[in-house]
2 protein chains.
Amino acid sequence: MKAATVKDVALAAGVSARTVSNVVHGYVHVSEDTRRRVQEACDRLDYRPNLLARNLRSGRSRVIALVVPEIGSPYFGELGQSIIEAARSRGYAVLIDHTGGDIEQEKEFLVRSSASRLFDGVLLSPSRVTGDELRAILDVPFVLLGPRLFDPAFDHVSIDNVAAAAEATGHLLRQGRRRVAAIGEQRWGGSAAQIRTIGFRKAHEALGLAVDESLVVPTARFKREDGAAAMSHLIESGLRPDAVFCFNDLLALGAMRAIHQHGLRVPEDIAVVGFDNIEEGQYSTPSLTTIAPDRHVIAELAVERLLARIDGETVDQPPRLVVPHQLLVRESA
Amino acid sequence: MKAATVKDVALAAGVSARTVSNVVHGYVHVSEDTRRRVQEACDRLDYRPNLLARNLRSGRSRVIALVVPEIGSPYFGELGQSIIEAARSRGYAVLIDHTGGDIEQEKEFLVRSSASRLFDGVLLSPSRVTGDELRAILDVPFVLLGPRLFDPAFDHVSIDNVAAAAEATGHLLRQGRRRVAAIGEQRWGGSAAQIRTIGFRKAHEALGLAVDESLVVPTARFKREDGAAAMSHLIESGLRPDAVFCFNDLLALGAMRAIHQHGLRVPEDIAVVGFDNIEEGQYSTPSLTTIAPDRHVIAELAVERLLARIDGETVDQPPRLVVPHQLLVRESA
DNA sequence: CATAGCTTTTTCAACGTGGCAATAGGCAGA
DNA sequence: TCTGCCTATTGCCACGTTGAAAAAGCTATG
């Protein structure tokens, strides 16, 4: 059965299409009698508006896109969930794409779909693409997520990554750990990793301690296997770290696994702190001490800001929004 | 700058709107000269087609919806990732919603959006809604995912859950474990859990062993905390299980955590097998033995079938597609 | 009873695209 | 030169909806 349109309903109820539209939208100046007749026709024909047509007419799709490196990675999955909820409570649906951290794929997706009007705005956690490139590519409003540094003129929601990394590192140093490693450094400037490395160094400076550069281990990606490989490297090269700050929880979980496999104990031999507070860390053995960004607030603020931009509202807060975080101390450090 | 439309391009290139459309679609009967002029105008005005309009005209949105209980839960996150990739390779984008396992929310989402034409079809992993309800509600094609039983007339992609559960249980029994618990039973018929319980029982029967009903522990949900609570219950009530088959990996990870907290060892005191093969299980301590569905194949088949239905193709395979799985033996059992 | 002012309903057009069918131009063969 | 045929291009309309504004109906007031 072909879906019923306003016209069909109008015909059935003996009114014009416009009146049907008025009823559907709860326009006030409709007589009780007409409203009832139209309602009944709607129900009988099982009329549901064609949003495609509505969107074309109104220029709005009430869909936002979420673009992340990997939706299957726990942090982004959990964030995605919060964002879907934040968007839904405001009447928006969420189209998700992931880029695999590949800059070409990032750009390609954005170029291909941005003028499509399929979504009204984009939330994105860019792995490599720059803010200026985004501005050039995107012709819908966008709000940035994540730790990377951007021109402060861009809307951007994140926690204070330098402070958080410093807290995590400081927590280890204040326990008397003196060979604190950092896992997850990346070579290119402006990366998420470099921001966290700054915090790592600051914590050392604050206590007048020097960073042993051989304990700062870069990784290709931010996954468990990278953390495990980096940790194995640290242990096997005889660098004897007594603690490690990992730039995300997955690295930390991989690192813990490697520590265990080398017959060492967490936290007795090596203390571990992660970053992100994914659920997995609550139930790992030992449970993971980590930096917990307030995901709910991130999602709410990001969606709110994006919808404000979509609606062309003037925003009186600064573009850059800093969300609270806390250090959750559990068993691993 | 307002986005350019075909009309703007047509004006700039000195041709009709229809010719622009022809060029954009690579229609053959366009002279080299015209094609070049139009191309150039497109580039200059940065013309990108309004997909909303195209979709309205063509009745297709080239978007599919994915509806799962929780996108933030690892299994669904990882599945979502595979599905996004499968869809992308066929030129489709994916709109994701999650229902929290709430039947009203499930229905509400589907009713609200199904006739909207915002997506051409739905992949869904229903937690409670029945196939018949879906057929009544949805007026776009849909393909079911997940372990639940449905009328065989519905398109449905999943592994053989009974066989998989039996393999997992059999693996424990063949090690000589004789007090094998099951965690994750649910009270209502047709649930994912009950299907797996059948496999659990079958494995016992096959070896002529009786199931101790007190070892079959229901849980409210399928999360780590439920697994931990159920396991604690088993240990503290003195039921002395020597192994446990958990109905998903999260339950298993929670159970392992509880076992550890009670000072027992995995697998020496209690062996643990999970279900789903989420990445987390590879790096847990100990690593988790589990049933691994072929996620890639699930995603490919589900998307392929859905697109076939959308295109109205006749499908010569049966509606129900069974995807291979394997038992991955790791450290926990 | 004409006018004004209100409520209710309708008409018209447009959003940007693509399908259909028609038209205009070019060229070969009779 | 005319016919026929093929290529290149165009105009018109429809997809389903809603905004703007006009029209129709209704009541009140002088």
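All values below come from the heavy atoms of this structure, side chains included, with hydrogens, waters and symmetry mates left out. First the proteins, then the strands, lettered A, B, ... as listed; each starts at 1.
- The side chain of Arg54(A) places an N or O atom within less than 4.0 Å of a non-bridging phosphate oxygen (OP1 or OP2) of dT18(D).
- In the region residues 16-26 of chain B, proximity to DNA chain D at under 4.0 angstrom, judged on heavy atoms, holds for Ser16(B), Arg18(B), Thr19(B), Asn22(B).
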Could you list the donor-acceptor pairs under 3.5 angstrom formed by side chains in residues 140-148 of chain B, with sequence neighbours left out?
| unit_1 | atom_1 | unit_2 | atom_2 | d |
| --- | --- | --- | --- | --- |
| Arg148(B) | NH1 | Pro126(B) | O | 3.3 |
| Arg148(B) | NH1 | Ser127(B) | O | 3.2 |
| Arg148(B) | NH1 | Val129(B) | O | 3.0 |
| Arg148(B) | NH2 | Val129(B) | O | 3.1 |

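- Rounded to whole angstrom, the span from the CG atom of Asn55(B) across to the C1' atom of dG18(C) amounts to 12 Å.
- Counting any heavy atom pair closer than 4.0 Å across all strands shown, Tyr27(B) reaches a base atom.
- For residues 310-321 of chain A, the pairs satisfying salt bridge (charged side-chain N to carboxylate O under 4.0 Å, His left out) are Arg60(A)-Asp311(A), with sequence neighbours left out.
- A straight line from CG of Leu52(B) to P of dC15(C) spans 14 Å, rounded to a whole angstrom.
- Every residue was checked against the side-chain hydrogen bond (donor to acceptor under 3.5 Å, both in side chains) condition with Arg135(B), not counting sequence neighbours, and none meets it.
- Contact annotation: Ser58(B) does not reach the phosphate of dG19(C) (side-chain N/O to OP1 or OP2, under 4.0 Å).
- The distance from atom CZ of Arg48(B) to atom P of dG16(C) is 15 Å, rounded to the nearest whole Å.
- Contact of the Val67(B) side chain with the Ser125(B) side chain is not registered, since no non-hydrogen atoms from C-beta on lie closer than 4.5 Å.
- Under the 4.5 Å side-chain criterion, counting only non-hydrogen atoms from C-beta, Val38(A) is not in contact with Glu40(A).
- In this structure, CZ of Arg37(A) is placed 12 Å from C1' of dT8(C), rounded to the nearest angstrom.
- Taking atom CG of Leu118(B) as the reference point, atom P of dC15(D) lies 19 Å away to the nearest angstrom.
- Nucleotide dG16(C) holds its P atom 7 Å from the CG atom of Asn50(B), rounded to whole Å.
- Sorted by first then second residue, the ring pair (Phe, Tyr, Trp, His ring centres under 6.0 Å) pairs that include residues 23-67 of chain B, not counting sequence neighbours, are Tyr27(B)-His29(B).
- The stretch residues 64-102 of chain A participates, sequence neighbours left out, in no ring pair (Phe, Tyr, Trp, His ring centres under 6.0 Å) pair at all.
- Distance Leu45(B) CG to dG16(C) P: 14 Å, rounded to the nearest Å.
- When each of dG16(C), dT10(D), dT17(D) is scored by its nearest atom to the side-chain atoms of Arg57(B), the top-ranked nucleotide is dG16(C).
- The separation between Leu56(A) atom CG and dG18(C) atom P is 12 Å, rounded to whole Å.
- Arg305(A) is linked by a side-chain hydrogen bond (donor to acceptor under 3.5 Å, both in side chains) to Asp155(A), counting only residues two or more places apart in sequence or in another chain.
- Considering only the side chain of Ser31(A), dT9(C) comes nearest among dT9(C), dT17(D), dG16(D).
- Judged as a salt bridge (charged side-chain N to carboxylate O under 4.0 Å, His left out), not a single pair has a partner in residues 14-29 of chain B (not counting sequence neighbours).
- Across the helix from dC1(C)-dG30(D) to dA30(C)-dT1(D), the helix axis at one end is tilted relative to the axis at the other end by 70° (nearest 10 degrees, each axis from five pairs).
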